[in-house]
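Numbers here simply count residues along the sequence, with the first being 1. In each ligand, atom 1 is the first atom listed, and ligand 1 is the first ligand listed.
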Amino acid sequence: MSVSKNEKLRRKDLKPGEVLCDYCTAKCCRYFALPIDEPATPRDFDFLRWFLLHEHASVFTEDETWYLLVHTTCKHLQPDNRCGIYQRRPEVCREYTTDNCEYHDDWTYERYFETPEQVEEYAEAIFPKVDGWSIRSPQPPLLPVLG
Ligand code: SF4
Ligand code: SF4
């Protein structure tokens with residue numbers, strides 16, 4: 001079977017001896033994700049806001065586990081999408097297999113937060129309102145007008 005340049009080879013169409021990674025842009029080398037405690041309080045959500053105030057950070061859930069996701073490319077990924085330290089790559093990379101990697105993933109999750117504002121809206125939706133409570137920081141006082 002031939003695959004045009006614009007068509008992505010499907011995992012099941014690999015020929016014997018072919019490696020799926022040769023058809024991939026090294027998706028698994030362009031982020032890392034760590035499980036985090038499920039946020040349960042407004043303060044926990046305020047921590048999530050803090051994560052997302054940083055560039056390239058997002059938070060997602062999968063099977064009800066919460067993850068901090070950082071979109072950042074490994075320093076050893078080469079321009080041809082190969083590993084520059086293949087013989088010395090970390091154990092986590094060695095143990096990773098193409099069997100159910102994210103080759104076909106379209107990055108959709110149960111929950112996905114990219115901005116602090118999304119976390120604010122979510123927290124405000126799930127916590128009962130109490131007088132004056134808001135996850136949002138209070139507006140700072142206006143600066144004095146210099147005469
Ligand atoms: S393991 Fe999967 S996601 Fe990573 S480079 Fe290979 S095909 Fe791509
Ligand atoms: S060490 Fe190699 S395999 Fe591991 S993330 Fe970096 S480029 Fe990818």
Side-chain angles (χ1 to χ4, degrees), residues 1-130 132-140 143:
M1 183 192 141
S2 70
V3 179
S4 80
K5 277 188 177 169
N6 297 325
E7 194 181 343
K8 187 164 181 172
L9 181 98
R10 291 171 300 182
R11 191 183 251 109
K12 68 183 182 61
D13 293 329
L14 270 184
K15 297 194 195 91
E18 283 190 321
V19 178
L20 191 64
C21 304
D22 287 339
Y23 293 91
C24 182
T25 52
K27 288 170 81 172
C28 59
C29 302
R30 298 179 185 278
Y31 73 91
F32 60 85
L34 302 171
I36 56 176
D37 289 341
E38 179 175 351
T41 65
R43 183 175 160 78
D44 295 340
F45 278 93
D46 202 39
F47 263 108
L48 297 193
R49 285 181 63 225
W50 176 61
F51 291 156
L52 300 190
L53 288 168
H54 294 76
E55 289 182 358
H56 312 306
S58 55
V59 169
F60 71 91
T61 69
E62 200 169 68
D63 299 330
E64 291 307 321
T65 300
W66 289 67
Y67 293 88
L68 170 64
L69 169 62
V70 181
H71 302 269
T72 182
T73 301
C74 175
K75 294 173 187 168
H76 294 287
L77 186 65
Q78 302 298 293
D80 63 357
N81 292 324
R82 290 177 185 274
C83 177
I85 55 166
Y86 191 74
Q87 300 302 332
R88 295 185 296 113
R89 68 197 188 286
E91 203 63 35
V92 65
C93 307
R94 291 175 191 277
E95 289 171 356
Y96 207 62
T97 80
T98 57
D99 293 345
N100 45 28
C101 71
E102 58 269 54
Y103 176 79
H104 282 300
D105 282 3
D106 54 7
W107 311 104
T108 53
Y109 301 102
E110 296 160 356
R111 301 181 189 83
Y112 188 65
F113 303 96
E114 290 178 294
T115 67
E117 291 77 15
Q118 290 170 336
V119 172
E120 288 168 3
E121 285 179 21
Y122 186 85
E124 286 176 347
I126 63 169
F127 290 113
K129 282 265 185 237
V130 289
W133 176 81
S134 173
I135 194 173
R136 295 166 204 263
S137 307
Q139 189 173 1
L143 294 172

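In the displayed structure, Asp99 atom CG is contacted under 6.0 Å by more than 12 heavy atoms of other residues, nucleotides or ligands. Heavy atoms from other residues, nucleotides or ligands lying under 6.0 Å from CZ of Arg82 number 12 at most.
Ring geometry for Trp107 against Tyr109 counts as tilted: the plane angle lies between 30° and 60°, on a 0 to 90° scale. Below 30°, between 30° and 60°, or above 60°: for Phe47 and Phe51 the angle between ring planes is between 30° and 60°, a tilted geometry. A parallel orientation is assigned to the rings of Trp66 and Phe113, their planes being inclined by less than 30° (bins at 30° and 60°).
Near Leu77, with a cut-off below 4.0 Å to any heavy atom, the atoms of ligand 2 are 7 (S). Every atom of ligand 1 with a heavy atom of Ala26 under 4.0 Å away is listed here by number and element: 5 (S). Ligand-side atoms of ligand 2 in range of Cys93: 1 (S), 3 (S), 4 (Fe), 5 (S), range being under 4.0 angstrom from any heavy atom. Annotation for ligand 2: atoms under 4.0 Å from non-hydrogen atoms of Pro90 are 1 (S). Ligand 2 places these atoms under 4.0 Å from at least one heavy atom of Cys74: 1 (S), 5 (S), 6 (Fe), 7 (S). Each of the following atoms of ligand 1 lies closer than 4.0 Å to a heavy atom of Thr98: 1 (S), 6 (Fe).
A salt bridge links Arg49 to Asp46: at least one charged side-chain nitrogen sits closer than 4.0 Å to a carboxylate oxygen.
Here the heavy atom of the protein found nearest to atom 8 (Fe) of ligand 1 is Cys24 SG, 2.3 Å. Closest to atom 6 (Fe) of ligand 1, if we only count protein heavy atoms, is Cys21 SG, 2.4 Å. Looking at atom 2 (Fe) of ligand 2, its nearest protein heavy atom turns out to be Cys83 SG, 2.3 Å.
Note on Cys28: counted as a metal contact of atom 4 (Fe) of ligand 1, an N/O/S atom lying under 2.8 Å. Residue contact annotation: Cys101 places no N/O/S atom under 2.8 Å from atom 6 (Fe) of ligand 1.
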For this session: Please lay out, stage by stage, how Arg89 and Glu95 fare under the test salt bridge (charged side-chain N to carboxylate O under 4.0 Å, His left out).
Result: CA-CA 10 Å; Arg89 68 197 188 286; Glu95 289 171 356; over 6 Å; no
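Ring centroid separation for the pair Tyr112 and Phe60 does not come in under the 6.0 Å cut-off.
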